[in-house]
Amino acid sequence: MNRRNLFGAAVALLAAIGLAGCKEETPAAQQSAPAAKAETFHWKMVTSWPKNYPGLGTAAERLAERINAMSAGRLTVKVYAAGELVPALEVFDAVSRGTAEMGHGTPYYWKGKVPAAQFFSSVPFGLSTLEMNAWLSKGGGQALWDETYAPYGVKPLSAGNTTMQMGGWYNKEINSLDDIKGLKIRMPGLGGEVWSKLGAITVNLPGGEIFTALQTRAIDATDWVSPYNDLAFGLHKAAKYYYFPGWQEPQAVVESMVNQKAFDSLPADLQAIVVEAARAATLDMMDDYVFHNAKSLIQLKEQGVPIKRFPDDVLDAMKRESQAVLEDLASQNDLNGRIWKSMTTFQDEVTPMSAVTEQELYNWR
């Protein structure tokens, strides 16, 4: 090495030593540490549906999968079918107690414990699917639903809608009001109360028990859902006649219930994921039912199922009794009255628009 290069190397070395000596040490508290592992949560979801049952059971599974994916595994949800952890009609109690963090069912199943819950499933001759969704999200319905479930430590979320249902399956024709008297029918919720007023004997059975009850004549008739689910249960093999319209359930909310303490324990981003996953599940189920109901109705017709309409005088009587049942429920306490007033006010506001849009479309096409 020549003298010029040696001198340059020496200067560079001294400069490096000087810079090192001048550099302040980073306090231990400011030194970078390995990122803390994100907290994970593992929830159970109990449902009112048979395992992997089309439309309802599969919707619960898809909701759980959506939450798992959106949270990147930070919140995992394991789904239990009806009877695996709790019976179908005890889902609300299980979520309220904290036995499970989530539940999947429909509000009128809990009417014995929470009578006002029936408003949030379906009201006879009431709101359509789109109208119900709008009332819940924009018209104050969600706040009233939250208030209804709050005393039980449960947070309700809409997580599906079966859209308009059918009138049900019957082993005798309904030609007049006299044919209703003494008829033993499975019909839950407010529709069941209307049938009782007209002289029928109503029972509430979970879905998994309907076919056997109908086939053995333990019941004379049943509602369930619509062609998609009814075909899956084989109800056309146990009853003679399939009636419409589904006056008792012009739409039917399927809910995801969350234990409030479990929900409050989540960080804000996971809470948002639970809420938005349920909202997405509502749209997904609506699409599912519109698509599969159309195909299933064709199959039922091809198998020769008689599809009959309730007579006008029977529908008129059902509408009259429905109004009386709903007004009676609304009069029971202040909360019920406020729910019913909110819902009917919204229905009065939205009906004129529905009449000049969807109703006209269906009439002409």
Side-chain angles (χ1 to χ4, degrees), residues 92 105-111 113-152 154-165 167 187-195 197 245-257 275 278-279 282-283 285-286 315-363:
F92 184 90
T106 191
Y108 59 42
Y109 281 176
W110 339 123
K111 73 173 189 175
K113 178 177 285 291
V114 194
Q118 297 173 93
F119 287 118
F120 302 99
S121 270
S122 193
V123 168
F125 300 97
L127 298 174
S128 70
T129 303
L130 293 178
E131 292 166 350
M132 184 67 171
N133 288 344
W135 176 64
L136 287 173
S137 66
K138 304 295 182 182
Q142 184 65 52
L144 291 164
W145 199 5
D146 290 341
E147 184 179 349
T148 300
Y149 281 17
Y152 306 92
V154 175
K155 179 178 180 61
L157 297 168
S158 174
N161 198 301
T162 65
T163 68
M164 187 164 186
Q165 300 194 5
M187 184 173 286
L190 295 165
E193 293 187 37
V194 172
W195 275 101
K197 293 279 188 182
W247 59 273
Q248 78 286 4
E249 295 190 47
Q251 58 77 40
V253 170
V254 175
E255 67 181 344
S256 174
M257 297 159 284
V275 172
R279 186 170 176 84
T282 296
L283 178 59
M285 184 182 285
M286 289 165 57
L315 287 169
D316 287 342
M318 289 171 174
K319 187 173 183 179
R320 184 174 58 253
E321 292 298 341
S322 293
Q323 189 67 26
V325 165
L326 286 159
E327 288 177 357
D328 179 64
L329 179 61
S331 70
Q332 290 178 7
N333 55 56
D334 174 69
L335 175 59
N336 288 17
R338 287 188 287 115
I339 295 169
W340 183 230
K341 182 178 180 181
S342 174
M343 181 178 279
T344 53
T345 298
F346 182 79
Q347 184 167 325
D348 289 343
E349 291 172 350
V350 77
T351 293
M353 185 63 187
S354 299
V356 299
T357 52
E358 280 88 355
Q359 185 172 327
E360 280 298 310
L361 171 65
Y362 297 145
N363 288 344

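All values reported here derive from a predicted model rather than from experimental measurement.
Going from atom CD of Glu193 over to atom CD of Glu321 covers 11.5 Å, rounded to the nearest 0.5 Å. Rounded to the nearest 0.5 Å, atoms CD (Gln118) and CG (Leu326) are 9.0 Å apart.
Side-chain contact between Trp135 and Ser342 is present, with at least one heavy-atom pair separated by less than 4.5 Å. Counting heavy atoms from C-beta on, the side chains of Pro156 and Gln142 come closer than 4.5 Å. Contact annotation: the side chain of Met343 approaches that of Leu127 to within less than 4.5 Å [non-hydrogen atoms, C-beta and beyond]. Side-chain contact between Trp340 and Leu329 is absent, with no heavy atoms from C-beta onward closer than 4.5 Å. The side-chain heavy atoms of Pro245 and Met164, taken from C-beta on, include a pair separated by under 4.5 Å. At least one side-chain heavy atom of Leu144 sits less than 4.5 Å from a side-chain heavy atom of Glu147. For the pair Tyr108 and Leu190, the minimum side-chain heavy-atom distance is 4.5 Å or more. Side-chain contact check for Lys113 versus Tyr152: some heavy-atom pair is nearer than 4.5 Å.
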Val154 and Trp110: CA distance, side-chain angles, deciding distance, side-chain contact (heavy atoms from CB on, under 4.5 Å) verdict
CA-CA 12 Å; Val154 175; Trp110 339 123; over 6 Å; no

Evaluate Met286 against Leu130 for side-chain contact (heavy atoms from CB on, under 4.5 Å), listing each step before the verdict.
CA-CA 10 Å; Met286 289 165 57; Leu130 293 178; 3.9 Å; yes

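For Asn161 against Met285, the heavy-atom pair with the smallest separation is N-SD, 3.3 Å.
No donor-acceptor distance shorter than 3.5 angstrom exists from the side chain of Gln323 to the backbone of Arg320, with no hydrogens or angles considered.
Salt bridge annotation for Arg338-Asp334: present, with a cationic side-chain nitrogen under 4.0 angstrom from a carboxylate oxygen.
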